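Numbers for residues simply follow the sequence, beginning at 1. Keep in mind the model is a prediction, meaning the values are calculated, not measured.
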Amino acid sequence: MPQFAPLQNDTFLRALLRQPTEYTPVWLMRQAGRYLPEYRATRARAGSFLGLAKNPDYATEVTLQPIDRYPLDASILFSDILTVPDAMGLGLYFADGEGPKFERPLRTEADVKALQVPDMASLDYVFKAVTSIRTALNGRVPLIGFSGSPWTLACYMVEGGGSREFHTVKKMLYARPDLMHRILDINAQAVIQYLNAQIDAGAQAVMIFDSWGGALADGAYQEFSLKYMRQIVAGLKRTVGNKPDGERIPAIVFTKGGGIWLDEMADIGADALGLDWTMNLGRARALVGDRVALQGNLDPAILFAEPEQIRAEVERSLSAYGTPGNGHGHVFNLGHGISQFTPPESVSAMVEAVHSFSRKQRADGGAA
């Protein structure tokens, strides 16, 4: 196990574990990315997105860029959710202006039967990046590792890329549920190994991105997405060295469009649930009680507004949640990833508003 500097700001981890905090911590999904001019400069040097993601030095550089610019309370590994199916031999590539695609999608029974959990050695560049980032952070804030959910990975693996309708993967789900379950089970096994290797490399929390879970029908979501995220959470190392008295490694699960299943999600064993902007934080808190912390959920589009409007929306969101207490916890975030067109100064206004208003809430003794 690598040795790292002591953590100076544990507010994010404490919030996830539903422990008292002096203020509400904040970080952003896709906080290292195209909205930052320094990111675009580094990507130009790297030559491509994969050139950036597969080089631990570049991955470290871009992960730290938002931490250097803003007083954020957590960093997140710069990588991509599709590293795992890429390691399975599906041939990941990025077409200009079209997003990720696979050269060899899973379309036939033979394709699915041939699928195997990848050798984690083929993903060593990710684990080296985790250790490099954690070292470079020098204890400033915690580092989050992540993976896509089995269902979300399967969507890309069967469709061959992104999709709006998910016709191909849903056809397999309904016509050949046996094949879909095989893909999902292999994905779940791979994600368990992948996230545990990130924890071994230095990740201090892990997050499962179920980006396309909300595309499923009720009933199908529980069978084809939630079941496998439960399997992953059960297989994760929850303390450093996996010892009962070790440092806790919180796990966050985020299903975009999954607000209607929040009550069921709260029982899969995760420490926190991410919310998109369609869910009211106060109602969500009442629904999950003290079972899990919550993360979210500002509409990313508000960051195109003026600073005073951003502050007003931040305050509305924090007021909806109320003051954390009695085993509750809240991490402020957007309801999805930050847009590449976001003005960087808008993020400054948002982060400052979260920190200042949440401190005021606690000082005023707001609703617990």
Who passes ring pair (Phe, Tyr, Trp, His ring centres under 6.0 Å) against H336, sequence neighbours left out?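 If we apply the ring pair (Phe, Tyr, Trp, His ring centres under 6.0 Å) test to H336, skipping adjacent residues, there are no hits.
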The criterion is ring pair (Phe, Tyr, Trp, His ring centres under 6.0 Å); which residues satisfy it with F102, sequence neighbours excluded?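 By the ring pair (Phe, Tyr, Trp, His ring centres under 6.0 Å) rule, F102 matches no residue at all.
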Take D111 and T108 through the test side chain to side chain donor-acceptor pair (under 3.5 Å) and record every step on the way to the result. CA-CA 5 Å; D111 292 338; T108 68; 3.2 Å; yes
Classify the ring geometry of F224 against H181: parallel below 30°, tilted from 30° to 60°, perpendicular beyond 60°.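 Parallel: the ring planes of F224 and H181 meet at under 30°.
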Whether Y23 and H355 hold their rings parallel, tilted or perpendicular, with breakpoints at 30° and 60°: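 Because their plane-to-plane angle is over 60°, the rings of Y23 and H355 count as perpendicular.
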Any side-chain donor paired with an acceptor under 3.5 Å for [X] and [Y]?
| X | Y | result |
| --- | --- | --- |
| S149 | T152 | yes |
| S358 | E22 | no |
| T21 | R362 | yes |
| N297 | D276 | no |

Tell me, which pairs form a ring-ring contact (aromatic ring centres under 6.0 Å, His included) where one or both residues lie in [range], sequence neighbours left out?
| range | answer |
| --- | --- |
| residues 281-303 | none |
| residues 63-99 | Y39-F78, F49-F78, F49-F94 |
| residues 113-155 | F127-Y194, F146-F209 |

Any side-chain to backbone donor/acceptor pair from R14 onto Q19? Under 3.5 Å, distance only.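 Not confirmed, R14 side chain does not pair with Q19 backbone.
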Any [X] side-chain heavy atom under 4.5 Å of [Y] side chain:
| X | Y | answer |
| --- | --- | --- |
| M350 | V26 | yes |
| I183 | V158 | yes |
| I133 | L64 | yes |
| L82 | Y156 | yes |
| F4 | T135 | yes |
| P142 | L7 | yes |
| I252 | L273 | no |
| K171 | R176 | no |

One pair to check against side-chain contact (heavy atoms from CB on, under 4.5 Å): R285 and H330. What are the steps and the verdict? CA-CA 9 Å; R285 180 179 181 177; H330 179 216; over 6 Å; no
With sequence neighbours left out, write down each residue that passes salt bridge (charged side-chain N to carboxylate O under 4.0 Å, His left out) with [X], or none if nothing qualifies.
| X | value |
| --- | --- |
| R69 | E38 |
| K54 | D86 |
| D124 | K128 |

K360 and D364: CA distance, side-chain angles, deciding distance, salt bridge (Lys or Arg N to Asp or Glu O under 4.0 Å) verdict: CA-CA 6 Å; K360 182 176 183 296; D364 292 346; 3.0 Å; yes
Taking 4.0 angstrom as the limit, do D271 and R248 come out as a salt bridge?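 So D271 pairs with R248 through a salt bridge.
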In one Ile/Leu/Val/Met/Phe/Trp/Tyr side-chain cluster, 4.5 Å: V141, M29: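 Looking at the clustering, M29 is in the same group as V141.
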Just wondering, are more than 12 heavy atoms of other shown residues or ligands nearer than 6.0 Å to CD in E264?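 Result for CD/E264: enclosed.
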Residues in side-chain hydrogen bond (donor to acceptor under 3.5 Å, both in side chains) contact with D80, at least two apart in sequence or another chain: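 Scan of D80 (side-chain hydrogen bond (donor to acceptor under 3.5 Å, both in side chains), adjacent residues dropped) gives none.
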side-chain hydrogen bond (donor to acceptor under 3.5 Å, both in side chains) partners for Q204, two or more places apart: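 With sequence neighbours excluded, Q204 shows a side-chain hydrogen bond (donor to acceptor under 3.5 Å, both in side chains) to R134, given in chain and number order.
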What pairs of residues pass the salt bridge (charged side-chain N to carboxylate O under 4.0 Å, His left out) test when at least one of them lies in residues 205-233, not counting sequence neighbours?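 Passing the test, one end in residues 205-233: no pairs.
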Throw together a table of side-chain donor-acceptor distances under 3.5 angstrom for residues 301-314, partners on residues two or more places apart or in other chains.
residue, atom, partner, partner atom, Å
Q309, OE1, E306, N, 2.8
E313, OE1, R316, NE, 3.1
E313, OE1, R316, NH2, 3.1

